[in-house]
Protein chains: 2
Amino acid sequence: MAEHVCAEIVPIFQQLNHDELLKVSDLVKHHHVSKGEVILSPDTPSQLVIIAQGAAKTYQLSANGKEQLLRVLDAGNFEGEKNLFGVGNDELYVEMLKNSTYCSIETKDFQQLLGTYPSIALKLLKSNAEKIDSLEKQNQLLNHDLVEQRLATYLLDLAKTNGSYQLTLPMKLKELASFLGTTPETISRKLKLFGQENLIKQNRHDIEITSPDGLSKIKDA
Amino acid sequence: MAEHVCAEIVPIFQQLNHDELLKVSDLVKHHHVSKGEVILSPDTPSQLVIIAQGAAKTYQLSANGKEQLLRVLDAGNFEGEKNLFGVGNDELYVEMLKNSTYCSIETKDFQQLLGTYPSIALKLLKSNAEKIDSLEKQNQLLNHDLVEQRLATYLLDLAKTNGSYQLTLPMKLKELASFLGTTPETISRKLKLFGQENLIKQNRHDIEITSPDGLSKIKDA
DNA sequence: GAAAATAATTGATTTACGTCAAGTAGCTTG
DNA sequence: CAAGCTACTTGACGTAAATCAATTATTTTC
């Protein structure tokens, strides 16, 4: 894996331009390690690690001191994004499952970089703020107890984003169901219901909102 | 309202130290405005506004072009935190309900400041990362469909934070219920159930987890 | 363009949990 | 310590929505 490929993978770096990405890539260190080696723990420096070749497991120690497997990292997976911002998860361990190579960026190097190139910090602040925004939105969605409310909220939101009451569901019902915390069947039924109440006209995934006010009322019920 | 009081109010500034806060306060502008005046809209510069005296309403234009009231801002309330990070909500309006005074920080001034004092940016990055973390946690909680799962997750989390299986519920059931997206009654019943299944011993708000594994099983069911 | 796989709809049944209501326990206040 | 308040518990009941299952569309594949 070439140097600059490590950082590119990590979502937080994906809004950086070429030059900025190069600066980040300069911080990357490469390592060869053996099976069983622990590369991230309370005893290692705070860092982001990216598996280049091989595999690793991440686990934390549960309250009774037992090792609780969280997930397996294959080549291309990474762990510790938040470490770079100084948010530590003290109980997190990453241990190699085979002889592997990995890349790392240390928190202290990264923070120094941010001091030198504030434009990077600004972009990261922006993308984090966007992330908070969308998480808050989804939280709010899930806090509506009725599926009807969540679906109505979703449809109105989509209409606003589109700037039109003519809209097409951008994903399979199964996925939408998971997003709204329900099942495809229920969504299908609710859409039908909305149709019967003349709030929408529906043909498969194509939907026209005929009564935004009606939907709004349901949303806030 | 004194100059430096404006910025202090806003959560994102609350982890700044005295000096940093002063730098931010230097950016604050003060304004007197009349009832009906719009201080935040797509036509105003991107900024954070804090109501010092008086009141305002925030609204957005819903997809059908109608004004949809979001909330009323009284003295001490603010709007537009995210603007400072360049995340705009283009459809958001703030309009004064009476003659009022307000403080503002413009995005461009703020971003310039971040360039000059990277330590501020670093702190904000950290606190945003923490916020993302906790939002993701709660999202994950709410995505469990069964109350039992959410409650088990919560109890195990609390135990880990405490470092002990001996724990005390830190809030009223009513509040916990809202956090877990359920009702006090259901929580009461579920705790009783856990007791009958010998997973916990419960006396009022004092709880001892006697079978972490049992709880884990429920959590992941 | 037929066959196969995947998606969506619809119906029947079950169930988790919210709601309503009544009672009990534990604090607070005078 | 009585009176009152609030938090919690427990029961009975209703309901939204999940689950199970069967049918019908739609898309994909060869």
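Labels below follow one simple rule: chain letters A, B, ... track the order of the sequence lines, proteins then strands, and each chain is numbered from 1.
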- Message: Can you list everything that forms a salt bridge (charged side-chain N to carboxylate O under 4.0 Å, His left out) with A/K131? Sequence neighbours excluded, please.
- Response: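 A/K131 satisfies salt bridge (charged side-chain N to carboxylate O under 4.0 Å, His left out) with B/E136 only.
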
With sequence neighbours excluded, what pairs up with [X] under the ring pair (Phe, Tyr, Trp, His ring centres under 6.0 Å) test?
{"X": "B/Y102", "answer": "B/H31"}
{"X": "A/F78", "answer": "none"}
{"X": "A/F110", "answer": "A/F13"}

- Message: What I want to check is whether the side chains of B/Q60 and A/K160 have a donor and an acceptor closer together than 3.5 Å.
- Response: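 Distance-only check passes for B/Q60 and A/K160.
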
Taking side-chain hydrogen bond (donor to acceptor under 3.5 Å, both in side chains) as the test, write out the residues that go with [X], two or more places apart.
{"X": "A/Q138", "answer": "none"}
{"X": "B/T107", "answer": "B/S46"}
{"X": "B/S216", "answer": "none"}
{"X": "B/T182", "answer": "none"}

All N/O contacts under 3.5 Å from nucleotides 5-7 of chain C to the protein, with atom names and distances to one decimal?
residue: C/dA7; atom: OP1; partner: A/K172; partner atom: NZ; Å: 2.6

- Item | Upstream residue (5' side of DNA chain C) when A/P184 and A/D145 are each assigned their closest nucleotide |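 Result: A/P184.
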
Report the distance from atom [atom1] of [X] to atom [atom2] of [N], rounded to the nearest whole Å.
{"X": "A/E185", "N": "C/dT14", "atom1": "CD", "atom2": "C1'", "value": "14 Å"}
{"X": "B/L151", "N": "C/dA16", "atom1": "CG", "atom2": "C1'", "value": "14 Å"}
{"X": "B/L146", "N": "C/dT15", "atom1": "CG", "atom2": "P", "value": "13 Å"}
{"X": "A/I207", "N": "C/dA8", "atom1": "CD1", "atom2": "P", "value": "12 Å"}

- Query: Does any residue of residues 190-198 of chain B have a heavy atom under 4.0 Å from DNA chain C, and if so, which ones, in number order?
  - Reply: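 When residues 190-198 of chain B is checked for heavy atoms under 4.0 Å from DNA chain C, the hits, listed by number, are B/K190.
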
- Name the nucleic acid region contacted by A/E175, choosing base, sugar-phosphate or nothing; use a 4.0 angstrom heavy-atom cut-off, strictly under.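 No contact.
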
- Message: Test: salt bridge (charged side-chain N to carboxylate O under 4.0 Å, His left out). Region: residues 185-197 of chain A. Which pairs qualify, not counting sequence neighbours?
- Response: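 Counting only pairs at least two positions apart or across chains, the salt bridge (charged side-chain N to carboxylate O under 4.0 Å, His left out) contacts touching residues 185-197 of chain A are A/E148-A/K190.
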
- Query: Do B/E79 and B/R71 meet the salt-bridge criterion of a basic N to acidic O distance under 4.0 Å?
  - Reply: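 Judged by the 4.0 Å cut-off on N to carboxylate O distance, B/R71 and B/E79 do form a salt bridge.
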
- On DNA chain D, reading 5' to 3', which nucleotide is the first and which the last to sit with an atom under 4.0 Å from a heavy atom of chain A, could you check?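 That gives a stretch of D/dA16 to D/dT26.
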
- Query: Does the side chain of B/T183 get closer than 4.0 angstrom to OP1 or OP2 of C/dG18 through an N or O atom?
  - Reply: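 Yes.
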
- Are B/Q149 and C/dA16 close enough that a side-chain N or O sits under 4.0 Å from OP1 or OP2?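 False: B/Q149 side-chain N/O out of range (4.0 Å or more) of C/dA16 OP1/OP2.
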
- Message: Counting only side-chain heavy atoms from C-beta out, which of C/dC17, C/dT9, C/dG11 sits nearest to A/R189?
- Response: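 Looking only at heavy atoms from C-beta outward on A/R189, the closest nucleotide is C/dG11.
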
